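The block underneath contains the structure these notes are about, expressed in structure tokens.
Reminder, nothing fancy here: chain letters follow the sequence lines and each chain counts from 1. All of these numbers come straight from a predicted model, not from anything done at the bench.
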Amino acid sequence: MPELPEVETVVRDLCALVIGRRIERAVVGLAKMVPTGAAALEQRLGEAVFRAVDRRGKFIVFSLSRNLRLVVHLKMTGQFLWHEADQPQPDHVHVRFHLAGPEKAHPDGGLDCPFAEGPRELLFRDPRQFGRLRCFTEAEYNAWLAEEGPGPDPYELSVSDFRALLARRAGRIKPLLLDQRLISGVGNIYADEALFAARVHPMTPARDLTPTRARRLHRELLRILTEAIELRGSTTRDYVGPRGIGGQYQNEHQVYGRDGQPCPVCGARIIRLVVAGRGTFICPRCQPQP
DNA sequence: CCGGTCACCTGAGTGC
DNA sequence: TGCACTCAGGTGACCG
């Protein structure tokens with residue numbers, strides 16, 4: 001499901017919903033979703049309080065009291081849902097966080113967020129079961145970050161760093177954009193949209209991009225990600241935020257999922273290729289073969 | 001280092 | 001209706 005803009009949207013929504021909340025009970029229904037141990041997660045997170053929610057690439061990082069961290073990857077179909085405890089449960093819920101009421105109220109007496117009233121459950125739902133939740137202490141988290149944590153965000157990568165990265169690589173540009181160790185957060189949709197905007201064919205060897213092309217790709221990638229965040233990401237099928245609301249950026253897609261339709265720039269027919277094993281959409285006229 | 005394929009899963013869409 | 005088949009926002013392992 002989610003790439004950087006969708007994960008960023010989920011994180012912002014979760015901030016408003018969970019910060020200051022205490023977990024009364026955590027229940028793992030499907031043990032394989034928690035590689036660090038289902039029982040350990042249930043035990044550690046019981047009575048813990050949410051302090052912050054952040055994003056590292058496509059990972060959601062919850063910081064809790066007692067220096068605990070909960071690191072979640074949604075993979076293709078993972079979702080967090082804000083759920084009233086007495087309502088019927090959705091299907092495919094694999095982890096439930098039973099929450100106490102918020103500890104901090106607004107100075108005027110109202111609650112921080114109209115969605116945050118009363119006892120609630122935070123549900124992790126994932127039909128395809130690819131998502132993963134990891135519960136770490138501070139030290140374990142730092143070790144994980146160093147070992148298999150994501151590379152820099154596109155926002156943290158300067159144009160010159162980006163160009164240097166490309167210049168060293170013989171491989172094709174699209175798989176490079178998707179490599180989370182090099183640049184984190186970019187997935188299939190935004191890679192295709194950025195390559196189209198920069199007029200770069202996805203199979204161009206990365207080191208063959210001229211400095212001008214590389215600069216343009218970097219600029220278009222940041223522009224597209226920023227615009228997508230403003231529209232709360234793209235919903236093509238499964239993606240919804242914690243309040244059950246989808247994004248709107250799918251209406252702005254120029255090429256992704258639009259094979260057979262005319263290119264919005266030149267009118268040529270958009271085609272679908274397979275690059276790096278992923279469906280890849282290009283305008284064959286705007287993005288000529290390298 | 002690089003590319004291709006499969007595996008992990010369920011469900012939606014399509015065509016017969 | 002049903003069935004077979006393809007595809008899906010991600011990633012990691014394995015092979016040549």
Side-chain angles (χ1 to χ4, degrees), chain A residues 1-11 29-35 55-60 71-80 90-95 124-134 144 147-151 154 165-195 202-208 221 224-225 228-229 231-241 245-260 271-281 290:
Chain A
M1 159 187 35
E3 305 181 33
L4 188 153
E6 292 77 31
V7 178
E8 179 66 25
T9 302
V10 170
V11 164
L30 186 60
K32 72 170 180 184
M33 307 298 285
V34 188
R55 181 182 62 73
R56 282 278 188 145
K58 297 176 192 171
F59 291 93
I60 299 167
V71 178
V72 181
H73 200 301
L74 304 173
K75 291 286 180 84
M76 294 286 269
T77 53
Q79 304 169 336
F80 276 107
D91 54 2
H92 304 294
V93 170
H94 302 123
V95 183
F124 183 77
R125 174 176 189 269
D126 188 355
R128 291 181 74 179
Q129 306 172 18
F130 292 167
R132 292 294 180 266
L133 298 83
R134 293 176 168 82
W144 173 84
E147 190 100 345
E148 45 187 319
L165 195 62
L166 301 194
R168 278 185 276 115
R169 302 274 160 170
R172 304 133 134 193
I173 183 65
K174 175 161 175 179
L176 185 148
L177 291 177
L178 298 179
D179 188 335
Q180 303 299 301
R181 293 163 302 183
L182 304 179
I183 317 169
S184 62
V186 183
N188 206 34
I189 293 178
Y190 299 102
D192 279 9
E193 292 295 317
L195 289 166
M203 287 160 82
T204 311
R207 61 160 74 130
D208 290 356
L221 181 59
I224 286 165
L225 293 173
I229 290 169
L231 292 181
R232 302 178 53 83
S234 303
T235 296
T236 62
R237 42 187 313 133
D238 300 298
Y239 168 71
V240 289
I245 301 166
Q248 289 302 315
Y249 192 74
Q250 68 280 5
N251 302 318
E252 311 300 320
H253 293 175
Q254 306 290 294
V255 289
Y256 183 83
R258 300 177 62 84
D259 51 323
I271 58 170
R272 178 183 182 275
L273 321 169
V274 176
V275 180
R278 315 294 305 277
T280 298
F281 301 88

TODO: Look at Arg128(A) together with Asp238(A) and state whether they make a salt bridge at an N to O cut-off of under 4.0 Å.
DONE: no
Task: Strand DNA chain B in bracket notation, Watson-Crick/G-U under 3.5 Å with | for pairs to another chain - done: .|||||||.|||||||
- [ ] Map Arg237(A) and Ala170(A) onto DNA chain B by nearest heavy atom, then report which one ends up closer to the 5' terminus.
- [x] Ala170(A)
Open item on the list: Less than 4.0 angstrom from a charged side-chain N to a carboxylate O is my criterion; do Arg125(A) and Asp91(A) meet it?
Closed with: yes
- [ ] Evaluate whether atom CD of Glu147(A) has more than 12 neighbouring non-hydrogen atoms of other residues, nucleotides or ligands under 6.0 angstrom away.
- [x] no
- [ ] For this output row, return yes or no: ring centroids of His73(A) and Phe59(A) closer than 6.0 angstrom.
- [x] yes
Task: side chain to side chain contact (heavy atoms under 4.5 Å, CB included) between Leu4(A) and Ile229(A), worked out - done: CA-CA 8 Å; Leu4(A) 188 153; Ile229(A) 290 169; 3.9 Å; yes
Task: Lys174(A) side chain to Thr280(A) side chain, donor-acceptor N/O pair below 3.5 angstrom - done: yes
Open item on the list: Does a side-chain N or O of Arg278(A) approach OP1 or OP2 of dG10(C) to a distance below 4.0 Å, or not?
Closed with: yes
Open item on the list: Would you say Gln129(A) and Asp126(A) are linked by a side-chain donor-acceptor pair, where the criterion is simply a distance under 3.5 Å?
Closed with: no
Task: Span of DNA chain B in contact with chain A (heavy atoms, under 4.0 Å) - done: dC2(B) to dA12(B)
Open item on the list: So, OP1 or OP2 of dA8(C): does either fall under 4.0 Å of a side-chain N or O from Lys75(A)?
Closed with: no
TODO: Begin with the C-alpha distance, continue with both residues' side-chain angles, and end with the deciding distance and a verdict on side chain to side chain contact (heavy atoms under 4.5 Å, CB included) for Tyr190(A) and Leu177(A).
DONE: CA-CA 9 Å; Tyr190(A) 299 102; Leu177(A) 291 177; over 6 Å; no
Task: 5'-most by nearest nucleotide on DNA chain B - Asp91(A) or Arg207(A) - done: Arg207(A)
